[in-house]
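Each remark here refers to the structure printed beneath this line.
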Protein chains: 2
Amino acid sequence: MARSGRRPGESGARERIAASAREVFGELGFDGATIRGIATAAGVDPALVHHYFGTKQRLFLSVMSLPFDAAALKTQLLAPGLAGVGERLVRFFLSVWDEQPSVRPILTGIVRSAMTDPDAALLLRDFLGRQGLFQLVAAIAPNRAEFRAVLVGSQLIGLAMARYIVGLEPLASANAEDVVASVGPAIERYLIGDLGVA
Amino acid sequence: MARSGRRPGESGARERIAASAREVFGELGFDGATIRGIATAAGVDPALVHHYFGTKQRLFLSVMSLPFDAAALKTQLLAPGLAGVGERLVRFFLSVWDEQPSVRPILTGIVRSAMTDPDAALLLRDFLGRQGLFQLVAAIAPNRAEFRAVLVGSQLIGLAMARYIVGLEPLASANAEDVVASVGPAIERYLIGDLGVA
DNA sequence: CCATGAATTCATCACTTGTAGAATTCACCC
DNA sequence: GGGTGAATTCTACAAGTGATGAATTCATGG
């Protein structure tokens with residue numbers, strides 16, 4: 001098989017490694033993924049992965065970042081007014097998972113890895129915290145915004161786990177709009193409703 | 001160190017191994033846990049774990065079962081009538097995590113492992129499916145009971161992840177009754193409310 | 001008091017993992 | 001066209017994994 005040494009032309013190996021890493025991390029989580037597996041999926045020697053990305057942790061952090069424009073999403077969700085914001089948020093959330101095949105393994109990988117790896121848990125905290133959901137919630141309901149944001153996050157992550165990671169039926173193959181109609185109002189209450197806490 | 005051979009008296013090693021296994025599986029999940037780690041925590045040679053429980057999978061399945069009486073819970077939750085059943089379910093759910101130190105690592109371990117291990121995902125499916133939540137939901141709302149049960153499960157699991165596994169603040173250190181007041185109505189809507197789906 | 005069997009540990013195997021360093025091949029600039 | 005550096009693979013190490021089989025010590029019934 002392929003001998004040592006550089007290949008003629010541009011091989012795009014670095015991008016192939018990054019893509020494979022996203023896929024494998026998404027399927028198996030940080031611990032389950034192996035550098036050798038990622039390298040094989042990229043058609044590349046394992047040492048090349050280290051050459052480009054250093055350690056496994058650095059590879060994970062380099063590759064598992066969300067292209068997520070919280071500000072743009074905020075205006076988009078709030079443009080039609082406050083009513084129905086919960087359904088619009090759920091609809092957006094589902095569309096990311098369902099329609100963007102590049103983002104899905106990243107989300108899956110972060111959630112899977114956050115279960116056991118503290119670094120991945122930090123990523124998840126940021127995604128729900130200052131960088132992500134909190135911004136949106138703070139613009140809608142300034143009082144108790146952190147609490148509301150985490151409630152919304154817990155329902156969304158639970159939804160993702162059930163529908164996409166564990167694959168619980170009949171939710172996994174339910175129509176997206178049915179999920180929006182079912183979960184949207186609960187999210188909306190977390191966002192702008194009365195939580196019943198003093 | 002301890003020589004080979006049987007010890008005088010009853011050592012209770014099997015129970016110590018089971019307890020350690022629950023703890024370690026709970027902290028690290030199935031993949032992260034090691035037989036050597038479990039054995040060390042139990043003060044025992046790793047081979048003894050295999051002697052008693054065979055393979056690692058069988059150890060996990062032997063040890064990670066929930067002492068969960070769905071029928072009793074059903075009557076208890078429904079006794080005061082249908083109103084407030086959501087809050088009572090959340091209160092019960094939180095009390096299991098907060099107050100029963102023996103059950104907590106089992107739940108944590110199942111959720112953590114279900115992320116990557118298909119066998120653990122089966123345990124989770126059973127816990128939410130025919131054995132557990134579905135029974136309760138079917139007694140309350142016969143129509144679309146599976147869908148309702150999975151919605152309830154997704155919110156409860158998301159809540160557990162945020163509060164107990166990832167430790168998202170301010171939810172992780174929130175008062176239990178505040179969580180009940182916040183999440184209970186959402187659960188109640190999933191249980192007996194109008195889901196807005198045809 | 002002896003034999004059978006259970007409890008416990010030792011030593012070890014085969015395998016996988018992350019990582020490092022050396023060696024080889026190519027691109028590109030002076 | 002030679003030299004510097006990047007791309008790529010090979011080889012290998014040290015550590016850790018689940019698992020196995022034999023050896024040792026105790027309990028217990030006949």
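Salt-bridge annotation for Arg91(A) and Glu177(A): present, with a side-chain N of the basic residue lying under 4.0 Å from a carboxylate O of the acidic one.
Here the P atom of nucleotide dA7(C) and the NE2 atom of His51(B) are 5 Å apart, to the nearest Å. With rounding to whole Å, Phe53(A) atom CZ is found 12 Å from dT8(D) atom P. Protein atom CG of Asp31(B) is 12 Å distant from nucleotide atom P of dT17(C), rounded to whole Å. The distance from atom CD of Glu15(A) to atom P of dA7(D) is 11 Å, rounded to the nearest whole Å. As rounded to whole Å, 15 Å separates atom P of dA19(D) from atom CG of Asp45(B). Rounded to whole Å, atom P of dA7(C) lies 9 Å from atom CZ of Arg14(B). The interatomic distance linking His50(B) (NE2) with dA7(C) (P) rounds to 17 Å, in whole Å. Rounded to an integer number of Å, the gap from NZ of Lys56(A) to C1' of dT16(C) is 12 Å.
Using a 4.0 Å heavy-atom distance criterion, Leu48(B) is classed as a base contact. Backbone-only contact: Ala33(B) has heavy atoms under 4.0 Å from sugar-phosphate atoms and none from a base.
Side-chain nitrogen and oxygen atoms of Thr55(A) include at least one within less than 4.0 Å of the OP1 or OP2 phosphate oxygen of dT19(C). For Tyr52(B), a side-chain nitrogen or oxygen approaches OP1 or OP2 of dT8(C) to under 4.0 Å.
The distance from atom CG of Leu136(A) to atom OG1 of Thr75(A), rounded to the nearest 0.5 Å, is 10.0 Å. Rounded to the nearest 0.5 angstrom, Arg58(B) CZ and His50(B) NE2 are separated by 9.5 Å.
Considering only side-chain atoms of Ala13(B), the nucleotide from dT8(C), dT17(D), dT9(D) that sits closest is dT8(C). Across dC10(D), dG18(D), dA7(C), the shortest atom-to-atom separation from the side chain of Ala47(A) is found for dC10(D).
Side-chain to base pairing of Arg36(B) with dG16(D): no donor and acceptor N or O lie closer than 3.5 Å to each other.
Geometric assessment of Arg14(B) against the ring of Phe53(B) yields a positive cation-pi assignment under the 6.0 Å and 45° thresholds.
Phe60(A) and Phe30(A) have perpendicular rings, their planes meeting at more than 60° on a 0 to 90° scale where under 30° would count as parallel.
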